[in-house]
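Since the structure is predicted, the reported quantities are computational estimates derived from the model, not experimental observations. What's counted below: heavy atoms across the whole structure, side chains too, no hydrogens, waters or symmetry copies.
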Amino acid sequence: MRRILIIEDEPNLALGLRANLEVEGYDVSVAESGEAALHSADAGRLDLVILDLMLPGIDGFEVLSRLRARGVDAPVLILSARADEIDKVRGFRAGADDYVTKPFGVMELLLRVQALLRRSSPESPSRQAWRFGDIEVDAERRSVLRAREEVALTPRAFELLLALLANAGAVMARHELLRTVWGYDSSVTTRTVDAHVAELRRKLEVNPAEPRHILTVHKVGYRLRT
């Protein structure tokens, strides 16, 4: 089981991240400060670190530098509200492998975690890609092609498509899609899911009024038929 350390001082966010990662089968621990994170890192091997920058005491940049100085070579994904380019550059120079800004989509985060773990394990399979009909989706590149022409999707619509693809053939209730794609944002309503599904149909279906792939399951949710 892959071991992931979340370094995050906001309890609700840390709890939500932990729950979603544990559902995916990871062994997850949480540290609410830089000092606690360094102690956890000394307790055993880590496969991945998810790191907030704004921590009490030692900030995330210093935590990252100390982890690398101690020989921790696990991939580090910075998860921060700091979106300025200078912060991203500083993070990568300190040894980060990826940088995600808040707010974020849970599905995108899970796929980035998977991508980092694949890159750190040579025996792991290649990046996630799907094809159905004349549609090609590359999760790592965040690209969608229809008949080999690029399709522009909003970030949330792309994350919704990934959630449906990851559960292709299965019915996904609207509340499941809300939790997976919008995460801890409780202000989002099920009507938002319907609006984003409509966007996907407009751009991916030959006839959006009679979809062949993104199907409605009456009074429940949606199902992707590949």
Side-chain angles (χ1 to χ4, degrees), residues 1-2 4 12-13 15-26 28 77 100 102-118 124-226:
M1 187 178 291
R2 313 301 287 276
I4 297 177
N12 290 334
L13 176 54
L15 180 63
L17 285 173
R18 181 172 191 166
N20 278 284
L21 289 165
E22 287 180 339
V23 166
E24 296 297 314
Y26 300 113
V28 185
L77 185 156
V100 176
K102 302 175 183 177
F104 58 92
V106 174
M107 178 55 71
E108 178 186 356
L109 182 71
L110 292 175
L111 287 168
R112 285 177 182 262
V113 166
Q114 292 170 11
L116 289 173
L117 290 172
R118 281 198 304 273
S124 297
S126 58
R127 68 171 181 267
Q128 284 187 275
W130 294 267
R131 181 168 187 159
F132 59 97
D134 61 353
I135 307 298
E136 298 174 59
V137 181
D138 189 315
E140 192 170 337
R141 293 178 179 173
R142 293 185 67 81
S143 69
V144 180
L145 302 178
R146 178 181 173 189
R148 299 191 177 182
E149 295 290 330
E150 187 166 359
V151 177
L153 295 178
T154 63
R156 290 295 191 193
F158 184 79
E159 290 155 17
L160 178 60
L161 178 59
L162 292 181
L164 291 168
L165 282 165
N167 297 275
V171 177
M172 293 201 73
R174 287 177 175 84
H175 68 84
E176 290 181 282
L177 291 168
L178 281 173
R179 184 178 66 248
T180 301
V181 178
W182 282 266
Y184 58 94
D185 188 353
S186 59
S187 65
V188 178
T189 67
T190 54
R191 294 291 295 274
T192 300
V193 176
D194 297 337
H196 283 77
V197 166
E199 178 189 347
L200 290 178
R201 285 174 171 164
R202 282 196 306 272
K203 296 184 176 180
L204 302 182
E205 297 281 2
V206 174
N207 182 358
E210 296 182 7
R212 295 178 55 200
H213 300 293
I214 305 169
L215 308 179
T216 299
V217 179
H218 186 56
K219 294 185 178 180
V220 181
Y222 297 97
R223 177 171 67 89
L224 182 69
R225 182 171 63 189
T226 57

- Do Leu215 and Tyr222 have side chains that get closer than 4.5 Å, going by heavy atoms? no

- Message: Can you tell me how far apart CG (Leu13) and CZ (Arg18) are? Round to the nearest 0.5 Å.
- Response: 13.5 Å

- What one should report as the nearest heavy-atom pair of Leu177 and Ala163 is CD2-CB, 4.1 Å

- Message: As an exercise, state the distance from CG of Asn167 to CZ of Arg223, rounded to the nearest 0.5 Å.
- Response: 12.5 Å

- Item | Arg201 side chain to Ile214 backbone, donor-acceptor under 3.5 Å | yes

- Message: Quick check for you: to the nearest 0.5 Å, what is the distance between His213 atom NE2 and Leu161 atom CG?
- Response: 11.5 Å

- Message: Using 0.5 Å steps for rounding, measure from the CZ atom of Arg142 to the CG atom of Leu162.
- Response: 7.0 Å

- Is any NZ, NE, NH1 or NH2 atom of the basic residue among Arg202 and Glu199 found under 4.0 Å from an Asp or Glu carboxylate oxygen of the other? no

- Hey, what do you get for CD (Glu150) to CD (Glu136), rounding to the nearest 0.5 Å? 12.0 Å

- Task: Check whether any side-chain heavy atom of Arg174 sits under 4.5 Å from a side-chain heavy atom of Leu178, and report yes or no.
- Result: no

- Return the minimal non-hydrogen interatomic distance between Val171 and Val220, and the atom names on each side. CG1-CG1, 3.7 Å

- Side chains of Leu109 and Leu17 in contact at under 4.5 Å (non-hydrogen atoms): yes

- Query: Could you state the interatomic distance from CG (Leu164) to CG (Leu200), rounded to the nearest 0.5 Å?
  - Reply: 7.0 Å

- Query: For the residue pair Phe158 and Asp138, what are the closest heavy atoms and their distance?
  - Reply: CZ-O, 3.9 Å

- Task: Write down the atom of Arg146, the atom of Val151, and the distance for their closest heavy-atom approach.
- Result: CB-CG2, 3.6 Å

- Can you find a heavy atom in the side chain of Thr154 that is under 4.5 Å from one in the side chain of His196? yes

- Item | Main-chain N/O of Arg212 paired with Glu205 side-chain donor or acceptor, under 3.5 Å | yes

- Message: Donor-acceptor pair, distance only, cut-off 3.5 Å: does the side chain of Glu24 make one with the backbone of Leu110?
- Response: no

- Message: Please give me the minimum heavy-atom distance between Leu153 and Lys203, naming the atom from each residue.
- Response: CD2-CD, 3.7 Å

